[in-house]
Amino acid sequence: MIASVLLSVSFYRRPVLEVARDLLGARLVRYLDGQRLSGTIVETEAYRGEEDLACHARAGYTKRTAVMYGPPGRAYVYFNYGMHWLLNCVTGEEGFPAAVLVRAIRPTEGLDQIEKQRTGQPQNQWTNGPAKLCKGLMIDGVFNGHDLCEGDGLYIEAGHTVPPERVFAGPRVGIEKVPEPWRSIPWRFRLETTDAAQFDS
DNA sequence: AGCACGATTAACT
DNA sequence: GTTAATCGTGCTC
């Protein structure tokens with residue numbers, strides 16, 4: 001049994017591209033009613049600064065984006081399309097808006113609980129999308145601004161070290177209307193699973 | 001005050 | 001491949 005290591009503020013207080021890359025293989029944990037729901041992070045995206053026209057901070061400091069300007073290691077959880085919650089991790093120095101969108105995890109603990117949130121869906125589609133994983137782990141707006149470094153309710157633990165050859169970078173998705181270079185810049189990171197058939201992405 | 005649209009998903013044809 | 005669902009946010013008037 002390997003001791004779980006809670007990712008600390010120093011992990012998040014680094015350039016967002018490094019954090020997005022290093023979160024691959026880490027374990028996202030939702031601690032609920034004494035039970036752990038968790039999954040290995042297999043896909044992330046980086047959003048960086050007011051100049052990044054795909055980043056919410058393009059609008060500057062607003063009530064919505066305030067969390068991104070705050071200290072690293074906090075959760076930025078926002079509501080989208082009138083029905084979906086999406087989870088981000090704030091990164092970098094306080095005052096600079098940047099965050100990592102957690103796009104997909106591979107479920108590892110609390111499968112029975114996760115399934116209850118994803119009824120009718122096959123297991124390989126329980127948490128293979130940013131809104132799906134929030135639904136599966138019961139993550140919503142109450143976690144906006146939550147400190148991920150306290151090990152309380154929602155946090156991330158270090159996982160296995162992922163060799164570079166297993167990391168694939170590509171353009172971020174869902175931002176087709178964003179001008180170049182932001183639309184195509186390869187700030188999406190994926191961890192190729194050895195069991196691709198069991199986990200569509 | 002009104003409006004267009006979005007870091008998506010699921011169900012369709 | 002196409003589209004409805006559904007509402008907070010930021011921008012325009």
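What you are looking at is a predicted structure, and each value in this text was computed from that prediction instead of being measured. Values reported hereafter were calculated over all heavy atoms of this structure, with side chains retained and with hydrogens, waters and symmetry mates removed. Chain letters run A, B, ... following the sequence lines, proteins first, then strands; residues in each count from 1.
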When the side chains of residues 72-90 of chain A are checked against the rest of the protein, which donor-acceptor pairs come out under 3.5 Å, sequence neighbours left out?
unit_1  : atom_1 : unit_2  : atom_2 : d
A:Tyr76 : OH     : A:His56 : ND1    : 2.7
A:Asn88 : ND2    : A:Tyr76 : O      : 3.1

- [ ] Quick one: list whatever passes side-chain contact (heavy atoms from CB on, under 4.5 Å) with A:Thr108, sequence neighbours left out.
- [x] A:Arg27, A:Ser38, A:Thr40
Open item on the list: Going by the rule side-chain contact (heavy atoms from CB on, under 4.5 Å), which residues pair with A:Pro181 if we only count those two or more places apart in sequence or in a different chain?
Closed with: none
Only pairs under 3.5 Å count here: list side-chain donor-acceptor contacts from residues 133-141 of chain A, not counting sequence neighbours, and write none if there are none.
unit_1   : atom_1 : unit_2   : atom_2 : d
A:Lys135 : NZ     : A:Gln117 : O      : 3.0
A:Asp140 : OD1    : A:Val142 : N      : 3.1

Task: Check: A:Val173 main-chain N/O paired with A:Glu45 side-chain donor or acceptor under 3.5 Å - done: yes
Distance check needed: [N] [atom2] versus [X] [atom1], whole Å only.
{"X": "A:Glu176", "N": "C:dT3", "atom1": "CD", "atom2": "C1'", "value": "17 Å"}
{"X": "A:Trp85", "N": "B:dA7", "atom1": "CH2", "atom2": "C1'", "value": "15 Å"}
{"X": "A:Leu53", "N": "B:dC5", "atom1": "CG", "atom2": "P", "value": "17 Å"}
{"X": "A:Arg172", "N": "B:dG6", "atom1": "CZ", "atom2": "P", "value": "15 Å"}
{"X": "A:Glu45", "N": "B:dA7", "atom1": "CD", "atom2": "P", "value": "10 Å"}

Task: Interatomic distance at P, B:dA4 relative to C:dA4, whole Å - done: 16 Å
Task: Bracket notation of DNA chain B in which parentheses pair within the strand, [ ] cross earlier pairs, and | pairs with another strand (Watson-Crick or G-U, under 3.5 Å) - done: ||||||.|||||.
Open item on the list: For A:Asp52, give me all partners under side-chain hydrogen bond (donor to acceptor under 3.5 Å, both in side chains), at least two apart in sequence or on another chain.
Closed with: A:Arg172
TODO: Could you run through nucleotides 8-13 of chain B and give me one letter per nucleotide, 5' to 3': B if any protein heavy atom sits under 4.0 Å from the base, S if only the sugar-phosphate is that close, - if neither?
DONE: BSS---
Open item on the list: Does the protein touch nucleotides 8-13 of chain C at the base, only the backbone, or not at all? Give it as B, S and - per nucleotide, heavy atoms under 4.0 Å.
Closed with: -SS---
- [ ] Kindly state each residue pair satisfying side chain to side chain donor-acceptor pair (under 3.5 Å) with at least one member in residues 175-187 of chain A, sequence neighbours excluded.
- [x] A:Glu180-A:Arg183, A:Glu180-A:Ser184
- [ ] Give the other cluster members for A:Tyr31, using side-chain heavy-atom distances under 4.5 Å between Ile, Leu, Val, Met, Phe, Trp and Tyr residues; answer none if it is isolated.
- [x] A:Leu6, A:Val29, A:Tyr155
- [ ] With sequence neighbours excluded, tell me which residues meet ring-ring contact (aromatic ring centres under 6.0 Å, His included) with A:Tyr61.
- [x] A:Tyr69
Open item on the list: What verdict does the side chain to side chain contact (heavy atoms under 4.5 Å, CB included) test give for A:Cys149 and A:Phe11, after you've listed the backbone C-alpha separation in whole Å, the side-chain angles of each residue and the deciding distance to 0.1 Å?
Closed with: CA-CA 10 Å; A:Cys149 304; A:Phe11 175 88; over 6 Å; no
Task: Pairs touching residues 131-154 of chain A that satisfy ring-ring contact (aromatic ring centres under 6.0 Å, His included), sequence neighbours left out - done: A:Phe143-A:His146
